[in-house]
Engineer: 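Mind having a look at this structure? Questions to follow.
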Amino acid sequence: MKNKKYTIQNSPFVVPTTDGKLIEEHVGLATDGNKDISIAHMVAPAGWSEPFQTPEFDEYTYIISGKKQFIIDDEQIVLEAGQSIKIEKNTRVQYSNPFTVACEYIAICTPAFSMDLVNRED
C-alpha cells in the first residue's frame with residue numbers, strides 16, 4: 001500500500017478559551033505540530049474583543065458570516081461576509097466583534113499561531 005499524499009482533518013484541536021470564542025485549529029502547532037502555517041475555524045460571539053497584539057506572523061482572515069472589526073495602526077476597519085484581509089507581521093492590531101451577531105471566519109497564520117509569537121498587551 002502506498003503512503004497517502006494527503007491528510008484529512010476530522011478532529012481539529014479545540015483551543016480552550018474563557019471569552020466564549022470558538023477556535024478549532026485544523027492545522028498548526030497545537031493540532032499537528034506544524035510550525036509553518038496554522039489554519040483555524042473561528043466563531044467570535046457578539047460583543048467579543050481581545051487585547052491589542054503585535055504578532056510575529058502574517059495573519060489572513062476570511063469572513064464567512066457576520067462582521068469583524070479590526071483596529072490596525074489606529075485605523076478602524078470592518079469586514080463582512082465574503083471579504084478577506086492580510087495583516088503583515090509586526091503590525092499592532094486589535095480584533096473585536098462589537099456587533100449583535102456572531103462572526104464566523106477562517107484565520108491563517110504564517111508562521112503558525114503561537115502564544116510565544118502573538119505578543120498580546122495586558
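Keep in mind that what you see is a predicted model, and the values were worked out from it rather than measured.
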Engineer: Answer yes or no: is there an ion pair linking Arg120 with Glu50, defined by an N-O contact shorter than 4.0 Å?
Structural biologist: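 Yes, charged N to carboxylate O under 4.0 Å.
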
Engineer: Just wondering, are more than 12 heavy atoms of other shown residues or ligands nearer than 6.0 Å to CD in Gln9?
Structural biologist: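 Above 12, so yes.
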
Engineer: Quick one: do Glu104 and Tyr62 satisfy side chain to side chain donor-acceptor pair (under 3.5 Å)? Show the steps, please.
Structural biologist: CA-CA 9 Å; Glu104 181 179 13; Tyr62 172 77; over 6 Å; no

Engineer: Would a distance-only check, ignoring hydrogens and angles, find a side-chain to backbone donor-acceptor pair under 3.5 Å from Glu25 to Ala30?
Structural biologist: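 Yes, the answer is positive, given that a donor and an acceptor are paired below the 3.5 Å cut-off.
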
Engineer: Answer yes or no: is there a side-chain heavy-atom contact under 4.5 Å between Phe13 and Ile23?
Structural biologist: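 The answer is no, as the side chains (C-beta and beyond) never meet within the 4.5 Å cut-off.
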
Engineer: Can you tell me which residue pairs pass the salt bridge (Lys or Arg N to Asp or Glu O under 4.0 Å) test with a partner in residues 67-83, sequence neighbours excluded?
Structural biologist: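 Salt bridge (Lys or Arg N to Asp or Glu O under 4.0 Å) check on residues 67-83 returns no pairs.
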
Engineer: Do any N or O atoms from the side chain of Asn97 and from the backbone of Gly47 form a donor-acceptor pair under 3.5 angstrom?
Structural biologist: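 No.
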
Engineer: Without swapping roles, check the side chain of Asn34 against the backbone of Ser38 for a donor-acceptor pair under 3.5 Å.
Structural biologist: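 Side chain of Asn34 to backbone of Ser38: no pair is present.
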
Engineer: Would you give the length of the straight line joining atom OG1 of Thr61 to atom CD of Glu59, rounded to the nearest 0.5 angstrom?
Structural biologist: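 One finds 4.5 Å between OG1 of Thr61 and CD of Glu59.
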
Engineer: For residues Thr91 and Pro55, report the shortest heavy-atom separation together with the two atoms involved.
Structural biologist: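 Minimum heavy-atom contact is O-CD, 3.5 Å.
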
Engineer: Sequence neighbours left out, what pairs pass side chain to side chain donor-acceptor pair (under 3.5 Å) with at least one residue falling in residues 10-22?
Structural biologist: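 For residues 10-22: Asp19-Trp48, Lys21-Tyr105.
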
Engineer: Quick one about Asn119 and Glu56 (side-chain donor to acceptor, distance below 3.5 Å, no hydrogens or angles considered), yes or no?
Structural biologist: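 The criterion, which ignores hydrogens and geometry beyond distance, is satisfied for Asn119 and Glu56.
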
